[in-house]
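Take a look at the structure set out below.
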Amino acid sequence: MRANTPENMTPEDQRDQHEQPNQPDQQIGEQKLINDRLAKTAQLRSRGIDPYPPRFDRTHTTAEAVKLFEDLEGASSARDEGEQLRTATIRVAGRIMARRGQGKASFIDLKDGHGPVQVFARQNTMGDDAYAIIDLLDIGDIIGVEGPVIRTRRGEISVEATEITVLTKSMRPLPDKWGGLQDQEVRFRQRYLDLITNERAMKNALLRSNVVRVMRDFMHGRGFIEVETPILVPVAAGAQATPFKTHHNQLDRDLYLRIATELYLKKLIVGGIERVFEIGRLFRNEGLDHDHNPEFTTIESYQAYADYNDVMEMVENMVAHIARETTGSMVLPEVEGVRPEIDLTPPWPRLDLRTEIKERTGIDFVETPDVESLSQAMRERGIHVEEGSVWGRLLDKVISSEIEPNLIQPHFLVDYPVEMSPLAKRKPGTDGIVERFEAFVVGSELATHSPSSTTRSTSVNASNNRSGCETSLVTLRPTGWTRIFWWRSNTECHRRAGWDSASTA
RNA sequence: GGCGGGCUAGCUCAAUUGGCAGAGCAAGUGACUCUUAAUCACUAGGUUCGGGGUUCGAGUCCCCGGCCCGUCACCA
């Protein structure tokens, strides 16, 4: 819009015009918005107001303020009709999310960590001088509000301001109050903006904290003790993944960031602890996408004298318990267009791997015992065959592309061929089958009890350095093990719908 | 790494066949003492991701580069 600009002016001419003395305040773009706020900050200071005071004595959260009024309303019932109810004076604090001027009155939507509350500010309530501060407020500022809680004529429970205190003057505009912040990169790199703007981001952060707390309680309730084991390790053992490498200067020695917690937990079992778990970060130097972050959190547990049936029982009960404790139900509601309702109620079906593959694809891995026959069967069904893959790797591809995406409701796949997990416990009475399971929910892997070193064979262990050679010195008891992946992405991960969308419940 | 989609005002998004770069929110000024996506009037705000090319004329077409998203592959 250049209504005042002659059509034949170049952009340079216009810029020159902007810099002329009669338009000294002309600013462009975002800088103008910031300068407006700097000017308001200066005005606050000139009135003797500190725009960044050191503390504020809050008496109520927004949620408590609303409840305070509701309790008063409930107690006074209908007999005080006609008289406006008014609580005692309280003080709330939060960020200005929106404001609506109405002549010599204003409404401010205030949000703190517990939710929103409306502030109702009137000039004849606050007085002319105190009300004047309204003009110096912007969306994004943090303010403290003192006054009683009332219900406005239109029914909104509001703090009726007698005094407003600027706690933090904000310099940059917030994202659109209605459209919010959409750019995923900005959301992840400026997480604070996402938390301010998108209610779901805040809910997810709180949900995650609850998930961890409940998970921890669950494990303690089952007699597991929690430990922390080394993250900087001389040998990155316990999984097949590329580790991050680092160096300790004083020792002049290369170290690795752990790729699993497995080895040290196993040592604790050897040492006599019977049930142990660790929640912590693992680091894997590999590609990243929405399902894979180089650093991610797992819980890993070991339970002496247990087998994979015991561990499956634990996993399904843990997950269902967490869902119930954090969302109120073991059934996660449908997310439109993303996934159907998910029922986590145990027990989850145990699917025999061989049977499942046969039913889904027609491939019987017992009848395709070598790379050639399995590759042939895969090609016939249009499954990508990566040249040079070993047999176990090929079968893993069949599972991940044909079985896993279909396991929307929670399931366990059990009893894997030994070629896929050469170090796992053999299943008694079978030929070439190991006691391995993987749990799947919403088409992706949730937990595993698998490949390495639940065996107690020293010879096998000694042959595989990365799977825990040190434990081969002392024999491991029969032990059940699991590793549960969750929130592999540090950032919000919409494809992990099982956890993520629980927050929308 | 392959293929596909995208990058325009602080934010969310338009722009027909290549023909004057727009709107809503946010911001500024004014009106309004019960609004809640407040309303009304006016104002300002642009290196259309970067570079090169074709053209009378490029947000639009071509080439090079960057970044984001999706997908397949890799990886687990």
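Chain naming here is simple, since letters A, B, ... match the order of the sequence lines and numbering starts at 1 in each.
- The side chain of Arg99(A) contributes no N or O atom lying less than 4.0 Å from OP1 or OP2 of A38(B).
- A donor-acceptor pair under 3.5 Å links the side-chain atoms of Thr87(A) to the main chain of Val149(A), judged by distance alone.
- The C1' atoms of G45(B) and C11(B) are separated by 13 Å, rounded to the nearest whole Å.
- When each of Asp415(A), Leu353(A), Val311(A) is tested with Phe437(A) by the rule side chain to side chain contact (heavy atoms under 4.5 Å, CB included), just one qualifies, namely Val311(A).
- Between Leu33(A) atom CG and G46(B) atom P the separation is 11 Å, expressed in whole Å.
- Between Lys40(A) and Asp138(A) a salt bridge is recorded (basic side-chain N to carboxylate O distance below 4.0 Å).
- Separating the CG atom of Leu394(A) from the C1' atom of C75(B) is a distance of 15 Å, rounded to the nearest angstrom.
- Thr62(A) places no side-chain N or O within 3.5 Å of a backbone atom of Asp112(A) that could act as its donor or acceptor partner.
- Nucleotides C7(B) and A14(B) are separated by 15 Å at their C1' atoms, to the nearest Å.
- We find that Arg350(A) and Glu316(A) are joined by a salt bridge, their nearest charged nitrogen and carboxylate oxygen being less than 4.0 Å apart.
- Nucleotides C13(B) and U8(B) place their P atoms 10 Å apart, quoted to the nearest Å.
- Shown here are the side-chain hydrogen bond (donor to acceptor under 3.5 Å, both in side chains) partners of Arg393(A), two or more places apart in sequence or in another chain: Asp396(A).
- Nearest nucleotide to the side chain of Lys397(A), out of A76(B), A27(B), A73(B): A73(B).
- A salt bridge links Arg258(A) with Glu278(A): the closest approach of a Lys/Arg side-chain nitrogen to an acidic carboxylate oxygen falls below 4.0 angstrom.
- Phosphate proximity of U35(B) to Arg100(A): absent, as no side-chain N or O sits under 4.0 Å from OP1 or OP2.
- Taking atom P in both C20(B) and C72(B), the straight-line distance is 41 Å, to the nearest Å.
- If you run side chain to side chain contact (heavy atoms under 4.5 Å, CB included) between Ile96(A) and each of Asp109(A), Val119(A), Asp141(A), only Asp141(A) comes through.
- Only the P atoms considered, A9(B) is 14 Å distant from G22(B), to the nearest whole Å.
- Taking atom CG of residue Leu137(A) and atom P of nucleotide G28(B), one finds them 11 Å apart after rounding to whole Å.
- Between A76(B), U35(B), A27(B), one nucleotide has an atom nearer to the side chain of Phe107(A) than all others, and that is U35(B).
- One P atom belongs to C67(B), the other to G28(B), and the distance between them is 37 Å to the nearest Å.
- For RNA chain B, the residues of residues 377-387 of chain A within the heavy-atom distance limit of 4.0 Å (strictly under) are His384(A), Glu386(A), sorted by number.
- Protein atom CD1 of Ile34(A) is 11 Å distant from nucleotide atom P of C11(B), rounded to whole Å.
- The salt bridge (Lys or Arg N to Asp or Glu O under 4.0 Å) test with Arg151(A) singles out one residue from Glu160(A), Glu156(A), Glu73(A), and that residue is Glu73(A).
- Judged by distance alone, the side chain of Tyr256(A) and the main-chain N or O of Thr242(A) form no donor-acceptor pair under 3.5 Å.
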Protein-nucleotides 30-33 of chain B N/O pairs under 3.5 Å:
from   : atom 1 : to        : atom 2 : distance (Å)
C32(B) : N3     : Gly103(A) : N      : 3.0
U33(B) : OP2    : Lys104(A) : N      : 3.4
U33(B) : O4'    : Gln102(A) : O      : 3.2

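- Rounded to whole angstrom, the span from the CE atom of Met97(A) across to the P atom of U36(B) amounts to 18 Å.
- A salt bridge does not link Glu356(A) to Arg354(A): none of the charged side-chain nitrogens sits closer than 4.0 Å to a carboxylate oxygen.
- Summarising the geometry, the separation between CG on Asp135(A) and P on G28(B) is reported as 9 Å, rounded to the nearest angstrom.
- Thr361(A) contributes a side-chain N or O that, together with a main-chain N or O of Ile363(A), makes up a donor-acceptor pair within less than 3.5 Å.
- Each of Glu380(A), Arg379(A), Glu372(A) was scored for a side chain to side chain donor-acceptor pair (under 3.5 Å) with Gln376(A), with one residue passing: Glu380(A).
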Would you be so kind as to tabulate the donor-acceptor pairs closer than 3.5 Å made by side chains of residues 88-95 of chain A, with sequence neighbours excluded?
from     : atom 1 : to        : atom 2 : distance (Å)
Arg91(A) : NE     : Asp57(A)  : O      : 2.7
Arg91(A) : NH2    : Asp57(A)  : OD2    : 3.3
Arg95(A) : NH1    : Gly140(A) : O      : 2.7

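- Separating the C1' atom of C49(B) from that of U55(B) is a span of 23 Å, rounded to the nearest Å.
- Comparing atom distances between the Gln84(A) side chain and each of U36(B), C34(B), G28(B) picks out C34(B) as nearest.
- The one candidate from Arg172(A), Lys32(A), Met171(A) that meets the side chain to side chain contact (heavy atoms under 4.5 Å, CB included) condition with Arg37(A) is Met171(A).
- Separation of the P atoms belonging to A58(B) and C40(B) is 38 Å when rounded to the nearest angstrom.
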Per-nucleotide pairing state of RNA chain B [Watson-Crick or G-U, under 3.5 Å; [ ] pseudoknot-crossing; | other strand]: (((((((..((((.....[..)))).(((((.......))))).....(((((..]....))))))))))))....
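- Atom CG of Asp254(A) is surrounded by more than 12 heavy atoms from other residues, nucleotides or ligands within 6.0 Å.
- One donor-acceptor pair, N or O on each side, does fall under 3.5 Å between the base of A76(B) and the side chain of Asp396(A).
- Using a 4.0 Å cutoff on non-hydrogen atoms, the parts of residues 144-156 of chain A near RNA chain B are Thr152(A), Arg153(A), Arg154(A), Glu156(A), ordered by number.
- In this structure, CD1 of Ile196(A) is placed 15 Å from C1' of A26(B), rounded to the nearest angstrom.
- Summarising the geometry, the separation between NZ on Lys32(A) and P on U43(B) is reported as 14 Å, rounded to the nearest angstrom.
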